[in-house]
Amino acid sequence: ETKIDGNISSVGFNCYTYTNIITHGNFKKKLFSGSASIDDPNIKIDTLTGSLNFSKSDPEFNLNANVGRLNLKNLGFTNDSISLTGNFNLDFTGSNIDNFLGSAKLYNAILLDNEKHLSFDSLIINSTVANGKKYLTLETNEIEATLNGNFKILELPDAFQLFLNKYYPAYINKPRRKIENQNFTFLVKTKNVSDYIALINKKISGLYNSIFIGNINVAENTLNIHADIPQFNFSNISFNNIHFTGRGTSDTLTFNGNIDDVIINDSLHAPCTIIQVIANNDVSDLTVNTSANKTLNAANLSARIQTKKDGFQLRFNPSSFAINGKKWSIEQGGELELNKNMLMASNIKFSQNGQQILVSTEPSAIGSSNDLVVGLNNLVIGDFTPFFTKEVKLNGFMSGNV
């Protein structure tokens with residue numbers, strides 16, 4: 001049995017030196033009970049009280065803490081300037097998230113991203129076991145998530161990688177370690193999560209009031225997911241009312257999506273877009289159908305995509321689209337190949353009653369890359385200018401090579 005009253009001036013961890021730590025407590029047979037505090041420029045814990053029990057196979061934690069300052073970027077945990085304050089209540093057993101049982105709570109919280117106040121004041125994680133199955137829930141102001149069944153969160157990325165390797169073996173490697181059977185269902189509900197999404201990728205926004213539901217069974221080689229997303233933005237492209245389902249088996253992935261409207265700019269919309277992808281052994285058959293808007297009247301596109309280690313090859317099937325009431329055809333056999341070093345195109349032909357657009361590549365006179373060559377023949381300028389400008393109106397015909 002040992003009693004400790006300590007003042008620690010500094011201690012290094014994760015390339016950061018923590019300062020001004022005070023601790024009081026007792027160690028007895030792998031059980032610590034007591035209190036601690038820290039007053040560092042980037043982390044301040046006024047009071048941390050409770051116990052840690054390491055006498056059992058899984059450690060037990062029963063702690064309460066008042067965190068007055070936590071600057072995650074300066075401590076080396078995030079790239080963005082994120083800070084957090086709040087009260088923690090930890091009452092669980094386990095050494096990692098997979099043997100975690102009990103609850104972890106954060107309340108009266110304030111979360112800031114570059115001094116911007118995010119919608120966040122609480123976080124509750126609960127984990128229980130009943131009838132041989134684990135039930136894990138996570139709840140914040142803007143997200144609710146549940147996992148139910150037999151799963152290991154630390155192996156989930158490998159489980160998804162295992163499935164994707166079946167469909168795209170040239171691009172996705174097998175997991176290095178053997179994956180134990182995972183058989184579980186999941187449900188994720190979001191509210192206003194745009195600020196959280198921006199912490200991961202500034203180009204993505206939306207995903208509010210969305211639902212993701214599905215299940216994974218590694219032993220039976222089944223993967224199912226269903227999603228309803230009211231709105232999603234990537235860069236400057238908006239997707240409205242997305243509904244998609246995905247189903248994976250031991251060798252084939254099928255994806256079906258319906259989007260009420262894809263907005264590329266004020267003039268270019270793709271309403272009522274239907275997407276289907278069937279993937280097997282690095283080959284994806286893709287079809288895209290859209291209905292009419294003022295400029296792009298409709299589109300029925302079909303292609304086969306061959307995934308490769310460092311890129312992909314796209315080969316058009318007979319396809320069509322309509323612009324300004326005129327139906328354009330895409331001839332079968334046109335190919336586009338892109339890898340990390342080169343773009344190659346051949347026999348890509350768009351035609352409409354004497355109008356033609358030909359796309360190909362040729363070796364560049366400068367360097368070792370290819371030049372993209374676009375041939376135009378009797379192109380009606382007035383059909384295409386609305387895609388780019390509303391203020392300027394041009395009419396006439398264009399022929400030539402770019």
Side-chain angles (χ1 to χ4, degrees), residues 72-73 77-84 109-123 125 138-147 153 156-161 163-164 167-168 171-172 186-214 216 223-246 248 253 255-277 279 284 286 288 290 293 305 307 311-312 338 340:
L72 297 175
K73 179 180 181 180
F77 293 105
T78 63
N79 293 323
D80 291 334
S81 296
I82 299 173
S83 63
L84 174 68
I110 298 175
L111 182 64
L112 302 177
D113 176 24
N114 289 311
E115 303 302 323
K116 179 184 177 181
H117 193 169
L118 304 184
S119 174
F120 178 86
D121 60 27
S122 64
L123 168 67
I125 302 174
L138 179 149
E139 183 177 354
T140 73
N141 302 59
E142 307 297 350
I143 299 175
E144 296 178 15
T146 62
L147 286 171
I153 291 180
L156 284 184
D158 290 334
F160 280 102
Q161 184 178 343
F163 273 96
L164 292 176
Y167 317 131
Y168 301 104
Y171 191 70
I172 306 293
F186 61 88
L187 171 65
V188 178
K189 295 181 179 180
T190 71
K191 297 178 184 176
N192 186 7
V193 294
S194 287
D195 289 341
Y196 297 105
I197 299 297
L199 296 177
I200 302 172
N201 190 323
K202 302 294 185 184
K203 293 184 178 181
I204 298 176
S205 63
L207 294 177
Y208 53 82
N209 298 329
S210 300
I211 298 176
F212 302 86
I213 187 170
I216 290 177
L223 165 68
N224 294 285
I225 184 170
H226 175 84
D228 293 306
I229 305 169
Q231 205 270 337
F232 170 72
N233 299 321
F234 180 77
S235 191
N236 294 322
I237 303 176
S238 297
F239 304 84
N240 294 330
N241 288 329
I242 306 165
H243 310 279
F244 74 78
T245 58
L253 173 67
F255 173 90
N256 291 284
N258 293 272
I259 308 172
D260 280 2
D261 197 7
V262 180
I263 304 172
I264 300 173
N265 56 43
D266 290 341
S267 300
L268 184 55
H269 289 227
C272 300
T273 298
I274 300 173
I275 302 173
Q276 183 183 69
V277 180
S284 300
L286 168 70
V288 179
T290 71
N293 78 341
I305 302 172
T307 306
F312 67 90
L338 179 66
K340 62 181 180 180

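Along the sequence shown, residues carry numbers from 1.
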Contacts of type side chain to side chain donor-acceptor pair (under 3.5 Å), residue Ser122, not counting sequence neighbours: none
Rounded distance [0.5 Å steps], [atom1] in [X] versus [atom2] in [Y]:
X	Y	atom1	atom2	value
Glu144	Leu187	CD	CG	8.0 Å
Asn141	Asp121	CG	CG	4.0 Å
Phe239	Asp261	CZ	CG	10.5 Å
Ile242	Leu207	CD1	CG	7.5 Å
Ile197	Asn192	CD1	CG	10.5 Å
Ile172	Thr307	CD1	OG1	9.0 Å

Side chain [X], main chain [Y], donor-acceptor under 3.5 Å:
X	Y	answer
Thr190	Asn209	yes
Asp228	Ile211	no
Thr140	Glu142	yes

Do other residues, nucleotides or ligands put more than 12 heavy atoms under 6.0 Å from the CG atom of Asn114? yes
Over 12 non-hydrogen atoms of neighbours within 6.0 angstrom of CZ in Phe186: yes
For the ring pair Phe255 and Phe244, is the centre-to-centre distance below 6.0 Å? yes
Does a side-chain heavy-atom distance below 4.5 Å link [X] with [Y]?
X	Y	result
Asp158	Gln161	yes
Leu112	His117	yes
Leu286	Ile275	yes
Asn224	Thr245	no
Leu147	Ile153	yes

Minimum heavy-atom distance [X]-[Y], with the two atoms named:
X	Y	value
Asn240	Ile259	O-CG2, 3.5 Å
Ala145	Val188	CB-CG2, 4.1 Å
Ala227	Phe212	CB-CD2, 3.6 Å
Phe234	Ile204	CD1-CG1, 3.8 Å
Ser210	Ile229	OG-CG2, 3.4 Å

Does the pair Ile82 and Phe77 meet the rule for a side chain to side chain contact (heavy atoms under 4.5 Å, CB included), with working shown? CA-CA 9 Å; Ile82 299 173; Phe77 293 105; over 6 Å; no
Would Leu138 and Leu123 count as a side chain to side chain contact (heavy atoms under 4.5 Å, CB included) here? Give the steps. CA-CA 7 Å; Leu138 179 149; Leu123 168 67; 4.0 Å; yes
Tell me, which pairs form a salt bridge (charged side-chain N to carboxylate O under 4.0 Å, His left out) where one or both residues lie in residues 201-214, sequence neighbours left out? Asp113-Lys202
Taken in chain and number order and not counting sequence neighbours, the residues that satisfy ring pair (Phe, Tyr, Trp, His ring centres under 6.0 Å) with Phe163 are none
Do Ser284 and Tyr168 pair up side chain to side chain, a donor and an acceptor below 3.5 Å, judged on atom types alone? yes
